[in-house]
Amino acid sequence: MLQRVLTALTTIEGVEQAMLLDDRGEMLAYVGKQGKMPPTDDTISLINIANETVSAFDAGQIFEIWSEDGDELLMIDFVGPGRIVALSGTRGRLARWRHGLDRDRKILATTPRM
C-alpha cells in the first residue's frame with residue numbers, strides 16, 4: 001500500500017522521488033528513478049536546521065519545509081506523528097505537490113512500519 005501511495009506521488013508533474021521517513025530520520029519507504037539516490041542527507045539536514053530554528057525562537061511547530069535550489073525542488077511535510085514525507089524533483093509546482101500529499105495524508109500518517 002505504501003509503495004503504491006508513494007508511486008502515485010511521483011506521477012505529479014515534477015516529482016521524481018518520494019520517500020517516507022520516521023522522526024529519527026530512518027527511511028521507511030522510497031520510490032524514485034532507478035540509479036538516482038534519494039536526497040536523505042539534504043532532507044535530514046533541513047529538518048534539523050528547521051527544528052533548531054524553531055526551538056531557538058520558540059516559534060511553535062513545523063508542518064512543512066519547501067526548498068528551491070535552482071531547478072531542484074524539495075518539499076518536506078510532517079504528515080503525522082513520527083512520519084515525514086519528502087518529495088523531490090524539478091520544474092514542478094509545489095502547490096500541486098502539497099495537494100497530492102493532502103489527498104493521501106491519512107494513509108501516509110497511519111501506515112504501520114514494516
Side-chain angles (χ1 to χ4, degrees):
M1 172 65 113
L2 196 50
Q3 292 296 106
R4 261 190 309 189
V5 172
L6 292 176
T7 299
L9 291 170
T10 62
T11 64
I12 300 169
E13 179 188 349
V15 177
E16 297 171 1
Q17 301 179 21
M19 64 180 157
L20 180 67
L21 305 163
D22 66 13
D23 55 353
R24 294 172 295 172
E26 187 175 325
M27 189 179 316
L28 304 176
Y30 166 75
V31 173
K33 292 184 176 185
Q34 188 173 4
K36 188 169 181 185
M37 294 296 295
T40 39
D41 292 340
D42 291 342
T43 301
I44 292 168
S45 183
L46 281 171
I47 291 169
N48 289 336
I49 291 168
N51 281 329
E52 289 172 12
T53 303
V54 165
S55 179
F57 291 101
D58 195 24
Q61 187 176 356
I62 302 168
F63 294 102
E64 195 168 85
I65 302 168
W66 295 9
S67 171
E68 297 181 48
D69 184 14
D71 287 341
E72 297 293 318
L73 303 174
L74 177 62
M75 184 176 124
I76 304 166
D77 193 295
F78 295 77
V79 294
R83 296 285 191 254
I84 301 165
V85 172
L87 303 177
S88 65
T90 56
R91 299 177 307 277
R93 294 187 178 154
L94 292 174
R96 288 189 181 174
W97 294 17
R98 187 171 199 297
H99 176 73
L101 272 172
D102 285 343
R103 180 187 60 218
D104 295 323
R105 183 173 300 280
K106 185 174 182 182
I107 293 168
L108 291 164
T110 59
T111 302
R113 185 177 179 158
M114 299 295 161

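Just so we're clear, the structure is a prediction, and the values are computed from it rather than from any experiment. Just so you know, residue 1 is the first one in the sequence shown, and it goes up from there.
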For the atom pair [atom1] ([X]) and [atom2] ([Y]), what is the distance rounded to the nearest 0.5 Å?
| X | Y | atom1 | atom2 | answer |
| --- | --- | --- | --- | --- |
| E64 | L101 | CD | CG | 7.5 Å |
| W97 | L74 | CH2 | CG | 7.5 Å |
| I12 | R93 | CD1 | CZ | 13.0 Å |
| D22 | R83 | CG | CZ | 7.0 Å |
| I65 | F78 | CD1 | CZ | 4.5 Å |

Compare every heavy atom of [Y] with every heavy atom of [X], then report the nearest pair and how far apart it is.
| X | Y | value |
| --- | --- | --- |
| L2 | A29 | CD2-CB, 3.7 Å |
| T40 | M19 | CG2-SD, 3.5 Å |
| Q17 | P39 | OE1-CD, 3.1 Å |
| L6 | V31 | CB-CG2, 3.6 Å |
| R91 | L73 | N-CD1, 4.2 Å |
| A18 | L87 | CB-CD2, 3.5 Å |

Is it possible for you to say whether [X] and [Y] belong to one hydrophobic cluster, with membership spreading through side-chain heavy-atom contacts below 4.5 Å?
| X | Y | value |
| --- | --- | --- |
| V15 | L94 | yes |
| I76 | I44 | no |
| L108 | M1 | yes |
| L20 | I107 | yes |

Quick one: which residue pairs count as a side chain to side chain donor-acceptor pair (under 3.5 Å) with a foot in residues 101-110, not counting sequence neighbours? D77-R105, R98-D102, D102-R105
Just grab all the side chain to side chain donor-acceptor pair (under 3.5 Å) pairs involving residues 48-62, residues at least two apart or on different chains. none
side-chain hydrogen bond (donor to acceptor under 3.5 Å, both in side chains), that's the test. Do E68 and W66 meet it? Break it down for me. CA-CA 7 Å; E68 297 181 48; W66 295 9; over 6 Å; no
Pairs involving residues 36-48, ordered by first then second residue, that meet salt bridge (Lys or Arg N to Asp or Glu O under 4.0 Å) (sequence neighbours left out): E16-K36
